[in-house]
Amino acid sequence: MSLQHKAEKWFQNDTSHTESVWIGYVPKTLDDYERLTKSETESILSEAERIVNGERQADYSDPVENFKHISAIASAISKKELSPTTCAIVMIAVKLARENYKHKRDNLVDLAGYVEILHRIKESEVSR
């Protein structure tokens with residue numbers, strides 16, 4: 001597939017790729033069913049916003065605070081100071097690498113979410 005063809009596919013407003021992910025999948029809960037149906041109609045940005053401000057925040061706390069914890073753990077493991085900004089950029093790189101290998105809607109949703117979190121980290125640094 002040519003680079004131009006890949007680029008054109010990226011910018012098509014086509015959600016048909018989500019169907020193949022769910023073939024044979026039986027939702028176990030109402031939340032699973034709602035996620036399935038939303039992923040077929042909801043934009044990537046809307047889904048990322050909903051996840052960052054809803055599900056993930058409820059599960060993991062405020063994203064800025066969470067990335068402070070992530071950076072402390074990563075710093076201890078690597079024995080090198082890693083900032084919350086650096087950790088967010090690494091997560092962005094992970095999602096870009098995965099998307100480069102194989103397209104998956106989840107990669108792009110997570111990528112948008114990590115970009116939003118990076119923005120919040122930067123904004124929190126400015127407001128200090």
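None of these values were measured; they are calculated from a predicted model. Positions are given from 1, in the same order as the sequence printed here. Computation of the quantities below employed the complete heavy-atom set of this structure, encompassing side-chain atoms and omitting hydrogens, waters and symmetry-equivalent molecules.
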Trainee: With sequence neighbours excluded, tell me which residues meet side chain to side chain donor-acceptor pair (under 3.5 Å) with D62.
Mentor: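 By the side chain to side chain donor-acceptor pair (under 3.5 Å) rule, D62 matches no residue at all.
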
Trainee: With sequence neighbours excluded, what pairs up with K122 under the side chain to side chain donor-acceptor pair (under 3.5 Å) test?
Mentor: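 For K122, no residue satisfies side chain to side chain donor-acceptor pair (under 3.5 Å) once neighbours in sequence are set aside.
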
Trainee: Report the distance from atom CG of L111 to atom CZ of R105, rounding to the nearest 0.5 Å.
Mentor: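 One finds 13.0 Å between CG of L111 and CZ of R105.
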
Trainee: Run the side-chain contact (heavy atoms from CB on, under 4.5 Å) check on Q57 and N66 step by step: do they pass?
Mentor: CA-CA 9 Å; Q57 188 157 325; N66 186 249; over 6 Å; no

Trainee: Can you list everything that forms a side chain to side chain contact (heavy atoms under 4.5 Å, CB included) with I73? Sequence neighbours excluded, please.
Mentor: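 Side chain to side chain contact (heavy atoms under 4.5 Å, CB included) check on I73 returns I77.
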
Trainee: Report yes if some heavy atom in the side chain of V64 is under 4.5 Å from a heavy atom in the side chain of P84; otherwise report no.
Mentor: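 A side-chain contact is absent here, since even the closest heavy-atom pair is not under 4.5 Å.
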
Trainee: Going by the rule salt bridge (Lys or Arg N to Asp or Glu O under 4.0 Å), which residues pair with E65 if we only count those two or more places apart in sequence or in a different chain?
Mentor: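 For E65 the salt bridge (Lys or Arg N to Asp or Glu O under 4.0 Å) partners, ignoring immediate neighbours, are K68.
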
Trainee: Out of curiosity, I121 CD1 to I89 CD1, how far, rounded to the nearest 0.5 Å?
Mentor: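 Spacing of CD1 (I121) from CD1 (I89) equals 8.5 Å.
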
Trainee: Taking only residues two or more places apart in sequence or in another chain, which ones pass salt bridge (Lys or Arg N to Asp or Glu O under 4.0 Å) with R120?
Mentor: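 R120 satisfies salt bridge (Lys or Arg N to Asp or Glu O under 4.0 Å) with E116 only.
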
Trainee: Quick check for you: to the nearest 0.5 Å, what is the distance between E49 atom CD and E42 atom CD?
Mentor: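 The CD atom of E49 sits 9.0 Å away from the CD atom of E42.
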
Trainee: Can you list the residues that meet the side chain to side chain donor-acceptor pair (under 3.5 Å) rule with T85, with sequence neighbours excluded?
Mentor: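 In terms of side chain to side chain donor-acceptor pair (under 3.5 Å), with neighbours along the sequence ignored, T85 is linked to E125.
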
Trainee: According to a hydrophobic-cluster definition based on side-chain heavy atoms being under 4.5 Å apart (Ile, Leu, Val, Met, Phe, Trp, Tyr only), do L118 and L96 belong together?
Mentor: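 Same cluster.
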
Trainee: My understanding is that only residues two or more places apart in sequence, or in another chain, count here; which of them pass side chain to side chain contact (heavy atoms under 4.5 Å, CB included) with N107?
Mentor: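 Residues passing side chain to side chain contact (heavy atoms under 4.5 Å, CB included) with N107: K95, R98, E99, K104.
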
Trainee: How close do A48 and V109 get, heavy atom to heavy atom, and via which atoms?
Mentor: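 Closest heavy-atom pair between A48 and V109: CB-O, 3.5 Å.
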
Trainee: Would you say R56 and V52 make side-chain contact, with heavy atoms under 4.5 Å?
Mentor: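 A side-chain contact is absent here, since even the closest heavy-atom pair is not under 4.5 Å.
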
Trainee: When Ile, Leu, Val, Met, Phe, Trp and Tyr are grouped by side-chain heavy atoms lying under 4.5 Å apart, directly or through other members, which residues fall in the same group as Y101?
Mentor: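 Y101 clusters with nothing; isolated.
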
Trainee: CD1 of I51 to OG of S46: how many Å apart, nearest 0.5 Å?
Mentor: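 So the gap between those two atoms works out to 11.0 Å.
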
Trainee: Residues in side chain to side chain donor-acceptor pair (under 3.5 Å) with S71, at least two apart?
Mentor: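 Checked S71 against side chain to side chain donor-acceptor pair (under 3.5 Å); zero matches.
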
Trainee: Among residues two or more places apart or on two chains, list those pairs meeting salt bridge (charged side-chain N to carboxylate O under 4.0 Å, His left out) that have a residue in residues 75-94.
Mentor: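 Sorted result for residues 75-94: empty, none.
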
Trainee: When hydrophobic residues are tied together by side-chain contacts of less than 4.5 Å, even through go-betweens, does L82 share a cluster with Y114?
Mentor: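 They do not share one cluster, since no chain of ILVMFWY contacts under 4.5 Å joins L82 to Y114.
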
